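Quantities reported herein were computed from a predicted structural model and do not represent experimental measurements. Sequence positions, counted from 1, serve as the residue numbers for this chain.
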Amino acid sequence: MKALCFYEHGDVNVLQYTDVPGPEPAPGQVLVRVRACALNHLDIWVRRGWPGLKLEMPHWCGADVAGEVAELGEGVAGWEVGQPVVVEPGISTCEDEFTRCGEHSLSPGYCILGEHMRGGQAEYVAVPAVSLVPIPQDGGGERGQAAAWDFSDAAAPLLVSLTAWRMLIHRAKLEAGESVLVVGAGGGVNSMAIQIAKLAGATVYALTGTQEKMEKARELGADVVLNYREEPQWSKAIYKMTGRRGVDVVVDNVGQATLTQSMRAVARGGRIVIVGNTSGPKVEIDTRFIFGKQISLIGSTMGTRQDFRDVIDMIWAGRLQPVVDRVMPLSEGRAAFQILERGEQFGKIVLTP
Ligand SMILES: NC(=O)c1ccc[n+]([C@@H]2O[C@H](COP(=O)([O-])OP(=O)(O)OC[C@H]3O[C@@H](n4cnc5c(N)ncnc54)[C@H](OP(=O)(O)O)[C@@H]3O)[C@@H](O)[C@H]2O)c1
């Protein structure tokens with residue numbers, strides 16, 4: 001089969017669209033014919049590699065898979081060949097104190113499809129049968145009976161909506177009437193975070209880097225949008241706009257470039273929720289902000305299996321919209337990675353084999 005693979009870690013030039021042996025479904029697994037697979041920033045980190053990351057080469061990424069059941073492994077029942085499905089991107093590989101509480105993403109045995117195991121940037125992927133969720137045949141919710149789900153729309157929101165849901169609802173415990181600042185609106189996680197914060201009844205402030213992205217952030221529901229390039233001291237602007245109070249919750253997965261300002265923009269007693277560090281991991285923190293303003297810095301990763309079902313149901317029902325920037329053939333995956341690395345997209349880039 002064809003895959004967008006790499007034989008060594010490195011920059012975008014290590015990516016090759018080439019033939020690799022196809023996977024066989026192990027007992028308990030299902031072989032899925034991939035019809036669409038969304039890119040995530042995670043794929044850039046995995047391709048570059050990090051100390052201690054040991055992958056069987058060639059490796060290919062891809063956490064967000066929508067496709068059709070192609071073959072059932074031994075012991076699997078309840079699925080039809082040809083059935084349209086999405087795949088839960090988090091995969092649990094052991095039972096421990098966390099998984100027994102349903103907190104799979106806290107477990108050291110928690111893996112992400114395409115991170116520690118080969119993913120969906122290929123024609124086929126073998127995944128545990130328990131990871132499959134059927135795509136509604138009727139289009140679901142507001143899409144009405146006539147419109148079937150497009151595979152690209154189905155793949156786009158999977159990992160990012162799960163992440164944004166847990167970080168805002170369970171970790172930051174966002175409440176109706178609160179205010180949220182989303183630092184960088186155009187990302188996969190953040191384009192879902194804007195929508196989830198609105199759905200939860202919050203007032204949403206968003207930062208982004210271009211006029212076009214500002215418009216898109218407003219269309220997603222952001223109440224106030226600032227351009228961080230035109231307004232580099234955005235924390236001061238947020239402070240003024242909120243009556244010198246700050247916002248209740250800041251979503252900051254940019255890290256090095258922004259966390260200091262996020263600590264200024266958050267209100268006394270507020271929460272900053274962190275799932276990533278797109279601009280770099282190391283930040284010098286003035287701890288006086290933490291105790292003086294009684295700020296909580298809250299980490300979050302992925303979500304529970306039930307979170308995935310909950311958020312996917314809201315997507316099927318049309319209460320959260322997939323944000324697809326563009327759909328490209330898998331064979332043009334190298335160009336797609338370049339677009340993501342330059343941060344040109346708003347929402348998700350989806351690859352189709
Ligand atoms: N822990 C987890 O479970 C988890 C899950 C998903 C992602 N992540 C991490 O979260 C981060 C985002 O992931 P993603 O897939 O959403 O990435 P992405 O689609 O590439 O988005 C990158 C984001 O960074 C913003 N950004 C970059 N530089 C900025 C700056 N100087 N100021 C403000 N915003 C800036 C962009 O905003 P604009 O486009 O508006 O400029 C955009 O929102 C990554 O680091 C990823 O590894 C973690």
Side-chain angles (χ1 to χ4, degrees), residues 12 38-45 64 152-153 155-161 163-165 167-168 179-200 202-242 247 249-262 265 272-280 315 320-328 332 335-351:
V12 77
L39 276 184
N40 283 284
H41 213 93
L42 172 68
D43 304 337
I44 298 172
W45 303 134
D64 286 328
S152 299
D153 282 350
L158 300 175
L159 182 146
V160 290
S161 58
T163 305
W165 183 257
M167 77 179 181
L168 282 173
S179 50
V180 177
L181 168 64
V182 179
V183 177
V189 173
N190 292 344
S191 55
M192 295 313 294
I194 291 171
Q195 296 184 66
I196 290 170
K198 283 309 290 178
L199 199 63
T203 301
V204 177
Y205 296 79
L207 307 177
T208 191
T210 68
Q211 286 297 326
E212 198 186 343
K213 288 188 179 189
M214 288 175 80
E215 214 33 65
K216 291 187 170 165
R218 286 192 194 98
E219 284 166 19
L220 285 182
D223 299 282
V224 179
V225 185
L226 297 178
N227 185 325
Y228 60 72
R229 293 186 212 282
E230 289 171 1
E231 194 108 40
Q233 292 301 311
W234 45 264
S235 56
K236 284 189 181 156
I238 296 288
Y239 193 60
K240 276 189 200 151
M241 284 176 182
T242 53
V247 292
V249 174
V250 180
V251 170
D252 188 336
N253 44 58
V254 181
Q256 205 163 32
T258 54
L259 193 65
T260 301
Q261 288 212 63
S262 291
I272 301 177
V273 67
I274 299 168
V275 300
N277 50 36
T278 300
S279 65
I315 290 162
L320 297 171
Q321 298 298 328
V323 185
V324 178
D325 179 77
R326 70 191 83 188
V327 180
M328 297 172 71
E332 291 175 21
F337 266 81
Q338 284 169 326
I339 293 165
L340 188 69
E341 284 185 66
R342 290 194 296 260
E344 289 170 4
Q345 82 292 353
F346 190 99
K348 304 294 292 179
I349 302 170
V350 183
L351 299 175

Hey, what do you get for [atom1] ([X]) to [atom2] ([Y]), rounding to the nearest 0.5 Å?
X: Leu207; Y: Trp234; atom1: CG; atom2: CH2; value: 5.5 Å
X: Leu259; Y: Ile274; atom1: CG; atom2: CD1; value: 5.0 Å
X: Leu220; Y: Gln321; atom1: CG; atom2: CD; value: 9.0 Å
X: Ile238; Y: Leu181; atom1: CD1; atom2: CG; value: 5.0 Å

Q: Indicate whether the side chain of Thr258 and that of Asp252 have a donor and an acceptor atom separated by less than 3.5 Å.
A: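 A pair is found: one side chain offers a donor N or O, the other an acceptor, under 3.5 Å apart.
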
Shortest non-hydrogen contact between [X] and [Y], atoms and distance:
X: Gly255; Y: Ser279; value: C-OG, 3.8 Å
X: Leu340; Y: Asn40; value: CD2-O, 3.6 Å
X: Ile194; Y: Ala222; value: CG2-N, 3.8 Å
X: Gly221; Y: Lys198; value: O-CD, 3.2 Å
X: Val189; Y: Ala164; value: O-CB, 3.8 Å

Q: Would you please name every residue forming a side chain to side chain donor-acceptor pair (under 3.5 Å) with Thr163, sequence neighbours left out?
A: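 Scan of Thr163 (side chain to side chain donor-acceptor pair (under 3.5 Å), adjacent residues dropped) gives none.
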
Q: State which residues pass side chain to side chain donor-acceptor pair (under 3.5 Å) with Ser235; sequence neighbours excluded, sorted by chain then number.
A: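 Counting only residues at least two positions away or on another chain, Ser235 forms a side chain to side chain donor-acceptor pair (under 3.5 Å) with Gln261.
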
Q) Would you say Asp325's side chain and Gly347's backbone share a donor-acceptor pair under 3.5 angstrom? A)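 Judged by distance alone, no pair lies under 3.5 Å.
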
Q.
For the backbone of Thr203 and the side chain of Ser179, can you confirm whether one donor and one acceptor N or O come within less than 3.5 Å of each other?
A.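 No; judged by distance alone, with no hydrogens or angles, the pair does not exist.
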
Q) More than 12 heavy atoms of other residues, nucleotides or ligands under 6.0 Å from CD of Gln256: is that the case? A)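 Enclosed.
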
Identify, with sequence neighbours excluded, every residue that meets side-chain contact (heavy atoms from CB on, under 4.5 Å) alongside [X].
X: Ser161; answer: Pro157, Met192, Val311, Ile315
X: Arg218; answer: Met214, Glu215, Val225
X: Val12; answer: Leu15, Arg47, Arg334, Phe337, Gln338, Glu341
X: Ala38; answer: Asp64, Lys348, Val350

Q: Please name the residue in the list Glu212, Glu219, Lys213 that meets the side chain to side chain contact (heavy atoms under 4.5 Å, CB included) test with Phe346.
A: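 Passing option: Lys213.
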
(Q) If we check side chain to side chain donor-acceptor pair (under 3.5 Å) with Asn253, which of these qualifies: Asn190, Asn277, Thr278? (A)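 The passing option is Asn190.
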
